[in-house]
**Student:** 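Structure in structure tokens, see below.
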Amino acid sequence: MSNKTRWYKDSFIYQIYPRSFCDSNGDGIGDIQGIISKLDYIKDLGAKAIWLSPIYKSPNYDNGYDISDYRDISPEFGTLDDFKTLVAEMRKRDLKLIMDLVVNHTSFEHKWFLKSKESTDNEYRDYYFWRKGRGKNGKKPPNNWTSRFGGSAWTYDEKTKEWYLHLFTKEQPDLNWDNPKVRKEVEDIVNYWLDLGVDGFRCDVITYISKREGLPNGKWGLLSRGDEHFTHGPNIHKYLNELNKNGFSNKDTMIVGEGAGVTLEQAIIYTNEENEELDNVFHFEHMETDFYKQAIPRKFKLKNLKKVFSKWQLGLLQKGWNSLYFENHDFPRSLGRFTGDYKDKRVEAAKMLAISLYMQQGTPYIYQGQEIGMTNYTFSNISEFQDVLVQNIRSVFGVFEPIFRPLIFKILKIRARDNARTPMQWDASENAGFTEGKPWFYINPNYTTINVENELEDKNSILNFYKKLIQYRLGNEVLINGYYKEYEGKNKDLHVYMRNYNGVSILVVCNYKNKEVPFKPNPETANKNCKLVLHNYNYDRPILEPMTLRPYEALVYELNKPKNS
Ligand code: NOJ
């Protein structure tokens, strides 16, 4: 066992999507100096660490998730010196830094790939998956796997007349982890950044790195094919364990894996401390309660969300570790997704979601703008989307795209990743204080009211509530270690749960609906010796008794408090 302090168990991690966070040089793209200028803001919020989406050199087909040089910074974000300043400034403020580690694939402009395509027998050929095609003249892809972004997962290359594998866009060729040289390269990259002072990694689509030998055809699937041959593939645990031993464990790190397709059983293996693989994973089950397979809209039902919460809270208890998130750069904003139409109750709804999520066990993540209740952008035309995923989806429809366009657009409006990628809203000045130049992407017009400056001033704002909630949670043993027990499981409107630890209990009551809902404590939850510690309305509810909850009302009570505490 390594000597990890496991600091992430008592922490809040703030995710920055650098392009959209803060621009310091007026080129319309957020950058490292911009981040440095906002460190005090993040510190003041109460976060203990920052997860930075990729800032490495990249041709940006997928906004940095296609890396062409793992040891350098993209010029649009700054220089290595800027990065070193960032690390130093974060150290001063006792903030830890988690970098994105995108090593399932590289960019097609990475020097390994450029060399690998040159011939069939060069030393980099086996860094990637090159295969002959099927059919007459080998003009059919080597197998039926599909890209996560639509279409075949293979692209033909004229030069050597072979195909290469890419589980994402064709500009993102997959690395062959079965090649020990590739694994050594990744270790070196990890250690390079650890030596520069980073404290951990968020491992992009890490569950895909081990592919089944022979790359067999996948079974038929409506939205994708091949998953069973590369999700938690045969050597995944061996490779992660190796990377942990030779890289991650060289420092007191936190490693979170993006767990595409992760099941509870697998998550236990990944995050069980004895296995020395990852520290926590992002699973997607709660993100699928309103989108089937994360793609097709379906009616959100609170009951399904609560089932997912209970399953993961109980399933990982003392066996692994959870991550708590409602937002990131790959999903639309949470307001409206899980709350229905919040109308004039945006503030109450945002606070309620924070209580419902962050009183659970696990490492809490906050995505930039979530703490001020940023909302989806209102796209008015399909051509406004910038995301490569949108272009890919459209091209999958081929000549039929114009016919399906209205439907595609209808779905994208609520599902597109671009919804969460609009620039951060700092103040009511032009371009929301994000840039003095022309922003790379649309700014949500609601920035004149929803912005950091306003939130700082208003003592009842979402931002100030987040600060309070974070302070309440940090160091709170019941919330860090306590057991999770759900009540009112069948209730369609309320999320009610208790956390228990060493005789102290914390009761959480959340109304997910924009209407009044009755709540009647049962003999376990009715406790006279209680104290209201967090509340999203400005009046007291000193006693746990039958009550009518207001729209989105959320309460946190401490029960069985020893006298005089
Ligand atoms: C997951 C990342 O979060 C997403 O933004 C990216 O497009 C894919 N992985 C591919 O790297």
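Every number for a ligand or one of its atoms is a count from 1 in the order of the listing. Everything quoted here is computed from the prediction, not taken from an experiment.
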**Student:** Evaluate the criterion side-chain hydrogen bond (donor to acceptor under 3.5 Å, both in side chains) for residue pair Asn392 and Ser395; output intermediate values, then yes/no.
**Tutor:** CA-CA 5 Å; Asn392 265 43; Ser395 68; 5.0 Å; no
**Student:** For atom 5 (O) of ligand 1, what's the nearest protein heavy-atom neighbour? Residue, atom name and distance, please.
**Tutor:** Asp330 OD1, 2.8 Å
**Student:** Cation-pi between Arg19 and Trp440: NZ/CZ under 6.0 Å from ring centre and within 45° of the ring axis?
**Tutor:** yes
**Student:** Please list, in number order, the atoms of ligand 1 under 4.0 Å from a heavy atom of Arg417.
**Tutor:** 4 (C), 5 (O), 6 (C), 7 (O)
**Student:** List every atom of ligand 1 that sits less than 4.0 Å from any heavy atom of His105, numbering the atoms from 1 in the order shown and giving each element.
**Tutor:** 10 (C), 11 (O)
**Student:** Tell me whether Arg71 forms a cation-pi arrangement with Tyr192, defined as NZ or CZ under 6.0 Å from the six-membered ring centre and within 45 degrees of its axis.
**Tutor:** yes
**Student:** Charged N to carboxylate O under 4.0 angstrom, Arg225 versus Asp227?
**Tutor:** no
**Student:** Using a strict cut-off of 4.0 Å, indicate which atoms of ligand 1 neighbour a heavy atom of Arg421.
**Tutor:** 5 (O)
**Student:** Would you mind finding which of Tyr17, Phe168, Phe282 brings a heavy atom closest to atom 8 (C) of ligand 1?
**Tutor:** Phe168
**Student:** Of the backbone atoms (N, CA, C, O) and the side-chain heavy atoms from C-beta on, which set of Tyr208 has a member under 4.0 Å from an atom of ligand 1: side chain, backbone, both, or neither?
**Tutor:** neither
**Student:** Does NZ or CZ of Lys96 come closer than 6.0 Å to the centre of the six-membered ring of Trp51, within 45° of the ring's axis?
**Tutor:** no
**Student:** Tyr365 and ring pair (Phe, Tyr, Trp, His ring centres under 6.0 Å): which partner among Phe282, Phe12, Tyr14, Tyr325?
**Tutor:** Phe282
**Student:** Quick check with a 6.0 Å cut-off and a 45 degree axis cone: is Lys9 positioned over the face of Trp321's six-membered ring?
**Tutor:** yes
**Student:** Checking Arg415 against Phe291: charged group under 6.0 Å from the ring centre and within 45 degrees of the axis?
**Tutor:** yes
**Student:** Within less than 4.0 angstrom of ligand 1, does Arg148 place any heavy atom?
**Tutor:** no
**Student:** Please list, in number order, the atoms of ligand 1 under 4.0 Å from a heavy atom of Asp62.
**Tutor:** 6 (C), 7 (O), 8 (C), 10 (C), 11 (O)
**Student:** Under 4.0 Å from a heavy atom of Glu258: which atoms of ligand 1 are those, numbered in the order shown and with their elements?
**Tutor:** 1 (C), 3 (O), 9 (N)
**Student:** Please state which protein non-hydrogen atom is closest to atom 9 (N) of ligand 1 and give its distance, to 0.1 Å?
**Tutor:** Asp204 OD1, 2.8 Å
**Student:** Counting each atom of ligand 1 from 1 as listed, which ones have a heavy atom of His329 under 4.0 Å away?
**Tutor:** 2 (C), 3 (O), 4 (C), 5 (O)
